[in-house]
Amino acid sequence: MKRFMKKIVLGTVAITIIGANSMSYAWNYQVKYGDTYWKLSNKYGVSLNSMMTANNANQNTTIFPGQYIIIPESNNYFYYTVQFGDTSWNVSDKFGVIMKDFLNINNMDENDYLYPKQKVKIPINNVPIVEKAGEKYGEYLDWWSGARYVVPRGAVFKIVDFYTGEYFMAKRTVGSNHADVETLTLENTKKMKKIWGGSFNWEKRPAIIEYNGRRIAASVAGMPHAGDDRVKGGAYTSWRSGNYGYGINLDYVKNNGMHGVFDVHFLNSTRHKDGTVDKTHQKNIKISAGVKK
């Protein structure tokens, strides 16, 4: 039976997809001193045979500290090690999953606390491909049930301007109602400014997001806001671009010639300030999806 293996990135966690006739999920584990395949199979409740198969190993194979191996999973989830300050809400938000789903898969409720070094399950959402209107268009993919999982936090992707075909690379760093995004480098910021007529502005343009082999219909506003490139991302700061004033610095990609994040919207995504759908963004998304109604 022919198998395939593909690495993707979900948020900041590397996931390896292993498949035969059906698809199952796995995650990458960095070997520690004293680890063996047998010990790890018992620790994570995985059969020794399946772990050997996933890593093309046999009984004579030795693993070494620092090496990455695959921990296979038969279910649609992977493990995350809780960090100091984590809560069910911010872990769910970090990986773009619904908190109810996170709580259910871990047999928890809203009153349960998370503890540093605790291992919790993060559900993986399989998002079917939506048929496109044509080669130049993107998938008309709903934000809440699809796009926020297909383009998770931490994803680095190409933003293609629908009208000109010019593009630049960017990263989704924050955002729940829609994707808050930053250019990857100073050179990419220059390309972005060129598309928007030479400077940052609030014009909203139809776009295609290319990531992991998929093309998603989107709309992009060309104005960075709510950040300071000189201050650590996530820290409190007295000045933020766009007259946002004191607050959490939404600038995580440094030295890119941009203060803060810019907005990328998808089908049915909403504004952060009032939770409503932006009509211009939605009109643009229809254009980049080839939807005429």
**Q.** Where at least one partner belongs to residues 97-125, residue pairs that pass ring-ring contact (aromatic ring centres under 6.0 Å, His included), sequence neighbours excluded
**A.**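 Sorted result for residues 97-125: empty, none.
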Are [X] and [Y] close enough that some pair of their side-chain heavy atoms sits under 4.5 Å apart?
X	Y	answer
Asp161	Lys191	no
Phe162	Ile287	yes
Lys158	Ile209	no

Q) For Thr183 and Asn256, what are the C-alpha separation, side-chain angles and deciding distance, and is it a side-chain hydrogen bond (donor to acceptor under 3.5 Å, both in side chains)? A) CA-CA 7 Å; Thr183 54; Asn256 62 348; 3.2 Å; yes
Q: Give a yes-or-no answer on whether the side chains of His281 and Ser219 include a donor-acceptor pair shorter than 3.5 Å.
A: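 Yes, side-chain donor-acceptor contact under 3.5 Å.
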Q | Lys136 atom NZ, over 12 foreign heavy atoms within 6.0 Å | A |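 No, because the 6.0 Å sphere around NZ of Lys136 holds 12 heavy atoms or fewer from other groups.
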Q. For Lys190, which of Lys194, Lys193, Glu187 qualifies under side chain to side chain contact (heavy atoms under 4.5 Å, CB included)?
A.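 Testing each of Lys194, Lys193, Glu187 against Lys190, the sole residue satisfying side chain to side chain contact (heavy atoms under 4.5 Å, CB included) is Glu187.
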Q. Looking at residues at least two apart in the chain, or sitting in another chain, which of them share a ring pair (Phe, Tyr, Trp, His ring centres under 6.0 Å) with Trp144?
A.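 Partners of Trp144 under the ring pair (Phe, Tyr, Trp, His ring centres under 6.0 Å) test: none.
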What residue pairs, at least two apart or across chains, pass salt bridge (charged side-chain N to carboxylate O under 4.0 Å, His left out) with a residue in [range]?
range	answer
residues 53-71	none
residues 214-226	Glu139-Arg214, Glu210-Arg215
residues 259-279	Lys204-Asp278, Arg271-Asp274, Arg271-Asp278

Would you say the ring centers of [X] and [Y] fall short of 6.0 Å from each other?
X	Y	result
His225	Tyr244	yes
His265	Trp143	no
Tyr236	Tyr246	yes

(Q) Can you list everything that forms a side-chain contact (heavy atoms from CB on, under 4.5 Å) with Lys254? Sequence neighbours excluded, please. (A)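 With neighbours one apart ignored, the set is Asp229, Asn249, Asp251.
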(Q) Looking at Asp180 and Arg172, is any side-chain nitrogen of the basic one under 4.0 Å from a carboxylate oxygen of the acidic one? (A)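 Salt bridge between Arg172 and Asp180, a charged N being under 4.0 Å from a carboxylate O: no.
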Q. Hey, mind stepping through Ile69 and Val31 against side-chain contact (heavy atoms from CB on, under 4.5 Å) and telling me if it holds?
A. CA-CA 7 Å; Ile69 65 171; Val31 175; 4.0 Å; yes
